[in-house]
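Computation of the quantities below employed the complete heavy-atom set of this structure, encompassing side-chain atoms and omitting hydrogens, waters and symmetry-equivalent molecules.
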Amino acid sequence: MKSLKLYLLGGMALIGSLLPSMRAEACSRVLYQGVDSLFVIGRSLDWRTPIPTNLYVYPRGMKKVSSNLTNHYTWTSKYGAVYAVSYDGGITEGMNEKGLVINGLFCKGTIYNDEQASLKPQMSLAVFVAWMLDQCATSDEVAKLLEDNEFAIQGATFDGGTVSQLHWGVTDKSGKSIIFEFDHGKIDVYDMGDYRAMTNDPTWPKMTAIIDYWNGVGGQNMLPGTVKSPDRCVRANYFAHHVSKTDDADRAVSICRSILVNSCVPYTYEIEGQPELSSTQWRTYSVPANLRYYFDYVVNPGYYYVDLNKVNLRKGASVMKLDTADTADLVGDATARLRPSKPFTPMY
């Protein structure tokens, strides 16, 4: 026991040196690996106030722009996709018909642009996820797209003047996962390897050092239990490595959900003197193998999914929308509740 205490004290000193001061924003992402090619990507969206989020399904062949400013990118979507659109103005995450999944999570260490930003093509955060999902089928293709294109990030302010500071997790149908982060105009891309969770701060190289430390302690002996970002990441990573593998997609989602809930901030969680504290608003579970995208509002009695196999994604098809404000009665397959819709209006 004495040696364990000394080990923990030394580790705490290491972790303290790696951590910046913690802000209250919190999100978690976990990768569950089942049998063979069955993967489930779960994520939670945490914020101090509710974030209205609707689901949109866009078909192939749509022309899009990266910004409302003169200097921008244009592209035509190769793949149909389901997007989670917050405030009906910006894509938080999504999955395309090739099983590529991209999730944006808060990261305080993010600094998007350099001093040359005004001279570069502008990329709005509102459509950034679509730019990647529309054109890429794999994680490697996302990395190549980022490498081949220079741009500056443009972001609207919201919720009292906040501009989102984000980093992104990317997983394709094969399970290949990367994380990418912005650093003064430079994009750092990391292969996740056998790590199976990400949260917020610190940036990924420092986070892996923390995970490695706790792997040495051994989760069967002790796991960090607070709602801080590194603690949540350590718990999710540990449990994702110590649950059984299944070849049943429904059971896989249930297992992933149980891991993710263990790493979430309880709804309405409060600490005196910290009114800005965030808690989990909703969760999603993406299954590339069967193209089901699950949505899980914490105030709903159940959770439901959109099946991309059942949606018309051909060029010229209608944009479809599921208004999540009207889903308290939904459990299971909600694809039939999608309704034709105008495209959302990006908050450039």
Side-chain angles (χ1 to χ4, degrees), residues 29 31-32 34 36-43 45 53-62 64 75-86 88 91-104 127 129-139 141-142 168-177 247-254 256-257 282-297 302-324 327 330-344:
R29 184 182 194 264
L31 175 66
Y32 168 76
D36 297 328
S37 59
L38 179 58
F39 298 92
V40 181
I41 301 92
R43 76 80 51 90
L45 187 287
T53 302
N54 292 316
L55 305 186
Y56 283 79
V57 178
Y58 275 48
R60 312 172 201 116
M62 293 188 67
K64 302 180 184 180
W75 73 95
T76 300
S77 57
K78 293 171 59 178
Y79 307 115
V82 55
Y83 308 133
V85 182
S86 295
D88 263 355
I91 301 172
T92 304
E93 63 165 48
M95 177 175 67
N96 70 18
E97 62 179 297
K98 293 298 183 179
L100 180 68
V101 180
I102 301 178
N103 313 91
V127 296
V129 170
W131 182 67
M132 295 177 284
L133 288 176
D134 290 357
Q135 301 180 87
C136 300
T138 67
S139 297
E141 288 182 14
V142 171
W168 285 265
V170 182
T171 301
D172 62 27
K173 194 171 184 178
S174 75
K176 173 68 178 292
S177 298
D247 60 0
D248 181 272
D250 292 334
R251 184 174 178 82
V253 172
S254 297
C256 184
R257 186 173 186 244
W282 49 259
R283 308 178 188 96
T284 62
Y285 314 96
S286 302
V287 189
N290 62 15
L291 295 181
R292 290 182 179 179
Y293 179 82
Y294 292 74
F295 201 77
D296 182 8
Y297 254 129
Y303 62 110
Y304 50 87
Y305 64 85
V306 169
D307 188 340
L308 287 182
N309 294 295
K310 297 180 180 179
V311 185
N312 183 2
L313 300 177
R314 293 190 296 271
K315 180 179 179 180
S318 296
V319 172
M320 305 295 284
K321 178 182 178 180
L322 179 60
D323 187 341
T324 60
T327 57
L330 279 181
V331 177
D333 191 349
T335 313
R337 291 279 284 269
L338 290 166
R339 296 289 181 265
S341 170
K342 294 179 180 179
F344 75 91

- Specify the closest pair of heavy atoms between Trp131 and Gln135, including all atoms of both residues, with the distance to one decimal. O-NE2, 2.9 Å
- Message: I need the minimum non-hydrogen distance between Pro59 and Ser318, along with the two atoms involved.
- Response: CD-O, 4.1 Å
- Item | Arg314 versus Arg60, closest heavy-atom pair with distance | CA-NH1, 3.5 Å
- Short question: side chain of Ser86, backbone of Ala84 - any donor-acceptor pair under 3.5 Å? no
- Task: Output, in order, the C-alpha distance, side-chain angles, deciding distance and verdict of salt bridge (Lys or Arg N to Asp or Glu O under 4.0 Å) for Asp250 and Arg292.
- Result: CA-CA 10 Å; Asp250 292 334; Arg292 290 182 179 179; 3.5 Å; yes
- Message: When you compare the side chain of Leu330 with that of Tyr297, does any pair of heavy atoms fall below 4.5 Å?
- Response: no
- Message: Is there a side-chain contact between Val287 and Tyr294 in this structure, where contact means two heavy atoms from C-beta onward sitting under 4.5 Å apart?
- Response: yes
- Task: Flag the pair Tyr305 / Asp333 as yes when at least one side-chain heavy-atom distance between them is below 4.5 Å, and no otherwise.
- Result: yes
- Message: When you compare the side chain of Asp88 with that of Tyr56, does any pair of heavy atoms fall below 4.5 Å?
- Response: yes
- Message: Let me confirm one number: the CH2-CG distance from Trp282 to Leu45, rounded to the nearest 0.5 Å.
- Response: 4.0 Å
- Query: Is the shortest heavy-atom distance from the side chain of Val306 to the side chain of Leu55 under 4.5 Å?
  - Reply: yes
- What's the shortest heavy-atom distance between Ser139 and Asp172, and which atoms? N-OD2, 3.0 Å
- Any donor and acceptor pair, going by atom type alone, linking the side chain of Asn54 with main-chain N or O of Val85 inside 3.5 Å? no
- Item | Separation of Glu97 CD from Lys173 NZ (nearest 0.5 Å) | 10.5 Å
- Would you indicate whether the side-chain heavy atoms of Met62 and Pro343 approach each other to under 4.5 Å? yes
- Between the CZ atom in Arg43 and the OG atom in Ser286, the distance rounded to the nearest 0.5 Å is 9.5 Å
- Task: Please confirm whether the backbone N or O of Asp36 pairs with a side-chain atom of Asp247, one donor and one acceptor, at under 3.5 Å?
- Result: no
- Establish, from distance only, whether the side-chain atoms of Ser77 and Tyr58 form a donor-acceptor pair under 3.5 Å. no
- Item | Point-to-point distance, once rounded to the nearest 0.5 Å, from CD of Glu93 to CD1 of Ile41 | 10.0 Å
- Query: Can any side-chain N or O of Asn309 pair as donor or acceptor with the backbone N or O of Asn290 at less than 3.5 Å?
  - Reply: yes
- For Thr171 and Arg29, does a side-chain donor sit closer than 3.5 Å to a side-chain acceptor? yes
- Flag the pair Phe295 / Tyr293 as yes when their ring centroid distance falls below 6.0 Å, and as no otherwise. no
- Atom of Val170, atom of Val142 and distance for their closest heavy-atom approach: CG1-CG2, 4.1 Å
- About how many Å separate CG of Leu338 and NZ of Lys321, when rounded to the nearest 0.5 Å? 11.5 Å
- Query: Can you find a heavy atom in the side chain of Leu308 that is under 4.5 Å from one in the side chain of Asn96?
  - Reply: no
- Note on the structure: Value for OG1 (Thr335) from CE (Met320), rounded to nearest 0.5 Å, stands at 10.0 Å
- Item | Val129 side chain near Trp168 side chain, heavy-atom distance below 4.5 Å | yes
- Task: Look at the side chain of Asp296 and the backbone N and O of Tyr303, then say whether any donor-acceptor pair between them is shorter than 3.5 Å.
- Result: no
- Task: Indicate the atoms forming the closest heavy-atom contact of Ala334 with Tyr304, along with that distance.
- Result: CB-CD1, 3.8 Å
